[in-house]
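Here is the structure we will look at, set down as C-alpha cells.
Each chain gets a letter, A, B and so on, in the order its sequence line appears, and its residues count up from 1.
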Amino acid sequence: MNFLHMTESNFSLKKIEISVSEAEKRTGRNAMNMQETYTAYLIETRSVEHSDGQSVLTDSLWRRYSEFELLRNYLLVYYPHIVVPPLPEKRAEFVWHKLSADNMDPDFVERRRIGLENFLLRLASHPILCRDKIFYLFLTQEGNWKETVNETGFQLKADSRLKALNATFRVKNPDKRFIELKHYSDELQSVISHLLRVRARVADRLYGVYKVHGNYGRVFSEWSAIEKEMGDGLQSAGHHMDVYASSIDDILEDEEHYADQLKEYLFYAEALRAVCRKHELMQYDLEMAAQDLASKKQQCEELATGTVRTFSLKGMTTKLFGQETPEQREARIKMLEEQIKEGEQQLKSKNLEGREFVKNAWADIERFKEQKNHDLKEALISYAVMQISMCKKGIQVWTNAKECFSKM
Amino acid sequence: MEGECRASQARSWGLPAGGAGRDSPGGDAPLPGSISSSALLQTEVLDLDEDEDDLEVFSKDASLMDMNSFSPLMPTSPLSMINQVKFEDEPDLKDLFITVDEPESHVTTIETFITYRIITKTSRGEFDSSEFEVRRRYQDFLWLKEKLEEAHPTLIIPPLPEKFIVKGMVERFNDDFIETRRKALHKFLNRIADHPTLTFNEDFKIFLTAEAWEFSSHKKQGPGLLSRMGQSVRAVALSMKGVKSRPEEFMEMNNFIEIFSHKINLIDKISQRIYKEEREYLDEMKEYGPIHILWSASEEDLADTLKSVASCIDECCKATEKRMSGLSEALLPVVHEYVLYSEMLMAVMKRRDQIQAELDSKVEALTSKKADTDLLTEEIGKLEDKVECANNALKADWDRWRQNMQNDIKSAFTNMAEENILYYEQCLATWESFLTSQTDLHLEEASEDKL
C-alpha cells in the first residue's frame with residue numbers, strides 16, 4: 001500500500017492507495033480468434049479522505065499483463081528522460097528445481113501480482129510519472145483504454161531500434177556521465193544475473209539437505225516399534241526431523257521474494273540503458289545537424305569567394321556542363337544562406353533540447369540512484385533477517401531433537 | 001537478457017515405502033515421488049580376489065616411515081577417545097590399550113599392500129611384556145575375525161570394515177578410504193579388548209604381540225580353506241532345519257535383527273546422502289559469497305554492505321565445513337559399523353541355528369531308530385550341552401550388545417544434533433552482527449543528517 005498526493009488539476013488533494021488485490025484465470029478469444037487462457041489482475045484504487053482517514057474504493061478494474069506492457073511502452077516513448085520502472089518478468093527465469101517455470105503456476109501468478117502492484121506503486125510515487133493522464137486512465141477507465149493509448153500514436157513516435165543502434169556506434173561526444181552510466185548498468189545486469197543464478201542453485205541444494213532429513217522421521221518411527229527403551233526417544237526425534245524437513249518450504253518461499261527484489265533492479269538496468277540510448281540518439285542528431293550546418297557554411301563561403309575546396313555536385317556539373325551564370329550563383333548563395341539560418345536555429349533548439357534532456361535525465365538518475373541504494377540495502381538486510389530466522393528455527397528443532405536423543 | 005530456465009530433472013528425496021512400525025505422527029513424510037533404493041545409493045562393488053584386499057595404487061609417493069620410533073599412545077581423535085571410554089563396561093579395570101595407526105604401503109615384486117601399526121599396552125600378567133608394536137595387514141585382521149568366530153560361534157564378534165570398496169572411486173585406495181579403514185580397524189580391536197570373553201582369546205593375543213615370522217607360521221596352522229568351505233555348505237543345509245525349532249526368545253531376537261538391519265541400512269543411506277547434499281550445498285555457497293564482492297566493485301554506497309554480506313556467507317561456509325566433518329567423524333562411522341554389525345548378527349543367528357539343527361537331526365535319527373541308539377544318545381547328550389552353551393553365550397552377549405548399541409546410537413545422534421546446533425548458532429551470530437552493524441550505520445547516518 002502506498003500513499004500519494006496527486007496534485008494534477010484533475011485530481012483533488014487526496015491520498016490514494018493502489019493495490020493489485022486479486023488474480024484470476026480467464027479464457028477468451030485473442031486477435032486471431034483463437035481460444036487462449038490468461039490471467040487477469042484486479043486493480044483497486046482507494047482514496048483516503050484527509051479528515052477521517054477512511055479509505056473509499058474509488059475504482060476497481062481488471063487488467064492483464066499485456067496491458068501493463070502497453071502502458072509501460074507508452075511511458076517509455078513519452079518520458080525518455082525518465083528511468084521508467086520495469087515490469088515483473090514475463091516468464092519465470094532463474095528457477096530452481098522445485099519452482100515451476102509455468103506461467104499459470106499459482107506461486108508464479110502470486111509473485112507476479114505482487115510485482116505488478118509494485119510497478120504501479122513505483123509509478124504512483126514518481127514525481128513526474130504519477131501525473132500522466134494515460135496512467136490515470138489505466139487505473140480508472142477499464143473499457144477503451146487500449147484504444148485511447150493507441151490513439152496517442154506513441155508507436156509512431158518511438159525511435160527505431162536501428163536508428164538507436166546507429167547512433168550508439170557513431171556518436172562522437174556523448175556526455176561522459178552517460179557512458180559511465182551505461183557501463184554501470186551493464187555491470188549491474190551481469191552481476192545480478194550471476195547472483196540470481198547461483199542463489200537458485202544454493203536454494204536447490206539447501207532444499208535437498210533439509211528434505212533428506214525427513215527420511216529419518218519415517219525410519220526412526222519404524223525402528224522405534226522394536227525398541228523398548230529407545231523407542232520413545234526415536235519416535236519423537238523422528239517427529240522433529242519431519243518438522244525440520246518441512247520448514248524449508250516457507251524459508252525458500254521468503255527467499256523468493258528477496259530474489260524478486262533483486263530482479264527488479266536487474267530489469268532496471270535495461271531502463272537505465274534506454275535513457276542512455278536516448279541521449280546518444282539526441283547527441284548524434286545534434287552532431288549530424290552541426291556537421292550539416294558546417295558543410296553548408298563552407299559551401300556558401302566557397303561560392304562567395306570562388307574557391308572550391310570542397311567537393312560539390314554543382315562544382316562537378318559546372319565542370320561538365322559549363323560555368324553557371326552570376327545570377328545562378330547569387331540564387332544559390334541566397335538559398336544556402338537561408339538554409340544556414342534555418343540550420344542555426346534548429347541547432348540552437350536541438351542544443352537546448354539536448355541540454356534540457358541531460359539536465360532532466362540526470363535529475364531522475366540521481367533520484368533513481370538514491371532509490372536503488374536504499375532499496376537494495378533494505379533487500380540485503382531483509383536477506384540477513386531471513387537467514388537469522390532460518391538459524392533460529394534450526395536451533396530450536398535440533399535442540400528438541402537433541403533432547404529426544406539424549407532421552408533414548 | 002540472459003536467464004536460465006532450469007528444467008532440471010525431477011529429483012526425489014524419498015525412500016521406498018514399507019517396513020513395519022508405528023505410524024509417524026503428523027501425517028506422511030512430504031516427499032514427492034519415490035524411487036528405488038538403487039537410485040538413492042549408487043553402489044559399485046568391485047569384485048576382488050580374497051588376497052587382493054589391500055592391494056592398491058597410490059596416488060602420491062608413499063615413503064616408508066620410521067618403524068623404530070615408539071610413539072606414545074595417541075587417540076585418533078578426541079571423539080574416538082570418548083567412544084573408547086563408552087566401550088568400557090568397567091572403566092577402572094581397563095588393562096589393555098590398543099591403537100591402530102600409521103598406514104604404510106609395502107611394495108614387493110608380486111604385490112603392493114598396506115600394513116597398519118598396532119601398539120598394545122597392557123598390565124596383564126599373561127603378556128610377556130607391557131608394550132608391543134607390530135604391523136598387520138587387512139588379511140591378518142580377517143584371519144583373526146575368522147578364528148574368533150570359529151572359537152565362539154554364537155558370540156557377537158565385532159565387525160570388520162568392508163573388504164570391497166563401495167561407491168566406485170577413481171583410485172581404488174585413496175587417503176580417505178585408508179583413513180576410514182584405519183579408524184574402523186582401531187575400533188574393531190578395541191571392541192574385542194572390551195569384550196569380557198573375547199579379550200582373553202589366545203589368537204587375539206598372538207595377533208597383538210607376535211613378530212611377523214612367528215605370526216605367519218601360527219596362521220598356517222588350523223583348518224584350511226577347503227575344509228572351511230566344506231563346512232559352510234553343510235552348515236547352510238542344517239541351518240534351514242534349525243530355524244523351525246528355534247525357541248521363542250530367539251525368534252524374537254531374529255525378528256529384531258531383521259528389522260534392525262533394514263532400518264540401520266536405511267539410516268546409513270540417509271546419512272551418506274545428507275553428507276553428499278551438504279557437500280554440494282557448500283560448493284555452491286563458495287561461489288555465492290564472492291559474487292557480492294564482485295558487485296561491490298561497481299557500487300559506492302552499497303559496497304560496504306555487500307562486502308559484509310560476502311563475509312557472512314564465508315563464515316557460514318566455514319560453519320558448514322565444520323558440520324560436515326562432525327558428521328563424518330561422529331555419525332557416519334557409527335551407523336556404518338552397525339550396518340556391518342547387523343550382518344554379523346544374522347551370521348551369529350545362523351550359526352546358533354546350525355548347532356541346534358545338528359542336535360535336532362540326531363534326535364530325529366534316534367526316534368526313527370535308524371542307527372546305534374547308545375552312540376546316538378551319547379552324541380545327543382554332548383550336543384545338548386553344546387546347544388545350551390551356545391544359547392547362553394548368545395543371550396548374555398545379546399544383552400550386552402543391545403546396551404552398547406543403545407549407547408552408541410544415542411551418542412552418535414546426540415552428537416549430530418549438537419553439530420547442527422553449533423552450526424546454526426555460528427551462522428546466527430554472523431548474521432546478527434551484520435544486522436547490528438547495518439542498523440548502527442543507519443543511526444549514524446541519521447544523526448549525521450540531523451547535524
* **Option in Glu278(B), Glu299(B), Glu418(B) with maximal non-hydrogen atom pairs under 4.5 Å from chain A** => Glu299(B)

* Asked: Checking ring pair (Phe, Tyr, Trp, His ring centres under 6.0 Å) for the pair Phe256(B)/Trp398(B): CA distance, chi angles, key distance, verdict?
  -> CA-CA 11 Å; Phe256(B) 180 93; Trp398(B) 175 250; 5.5 Å; yes

* Asked: Going by an N to O cut-off under 4.0 Å, is there a salt bridge joining Asp249(A) and Lys211(A)?
  -> yes

* To do: Would you confirm whether Tyr65(A), through its side chain, and Pro88(A), through its main-chain N or O, come within 3.5 Å as a donor-acceptor pair?
  => yes

* Contact class of Tyr216(A) relative to chain B, heavy atoms under 4.5 angstrom -> both

* Asked: Among Lys372(A), Met390(A), Gln396(A), which residue forms the greatest number of heavy-atom pairs with chain B at distances under 4.5 Å?
  -> Lys372(A)

* **Interchain contact, Leu422(B) with chain A, by part (heavy-atom threshold 4.5 Å)** => neither

* chain B interface, residue from Ser406(A), Ser389(A), Gly233(A) that has the most non-hydrogen pairs under 4.5 Å -> Ser406(A)

* Sidechain N-carboxylate O distance under 4.0 Å for Arg402(B), Glu229(A) -> no

* To do: Answer yes or no: is there an ion pair linking Arg177(A) with Glu180(A), defined by an N-O contact shorter than 4.0 Å?
  => no

* Between Phe119(A) and Phe267(A), is the gap from one ring center to the other below 6.0 Å? -> no

* Using a cut-off of under 4.5 Å on heavy-atom pairs, state which of Leu294(B), Ile264(B), Asn255(B), Ile267(B) scores highest against chain A. => Ile267(B)

* Walk me through it: do Tyr423(B) and Trp398(A) pass the test ring pair (Phe, Tyr, Trp, His ring centres under 6.0 Å)? => CA-CA 10 Å; Tyr423(B) 163 76; Trp398(A) 282 105; over 10 Å; no

* To do: Answer with side chain, backbone, both or neither: which region of Leu428(B) has an atom nearer than 4.5 Å to a non-hydrogen atom of chain A?
  => both

* Report the C-alpha separation of Glu321(B) and Lys286(B) in whole Å, then their side-chain angles, then the decisive distance to 0.1 Å, and conclude whether the salt bridge (charged side-chain N to carboxylate O under 4.0 Å, His left out) test is met. => CA-CA 11 Å; Glu321(B) 272 170 330; Lys286(B) 281 195 171 149; 3.1 Å; yes

* **Part of Phe260(B) within contact of chain A (heavy atom distance under 4.5 Å)** => both

* To do: Using non-hydrogen atoms and a 4.5 Å limit, figure out which bit of His240(A) sits close to chain B: side chain, backbone, both or neither.
  => neither

* **Under 4.5 Å from a heavy atom of chain B, the part of Leu234(A) involved** => neither

* Go through the atoms of Ser271(B) and report whether side chain, backbone, both or neither lie under 4.5 Å from a heavy atom of chain A. => both

* Asked: Given that the side chain runs from C-beta out, which part of Leu188(A) has a heavy atom under 4.5 Å from chain B: side chain, backbone, both or neither?
  -> side chain

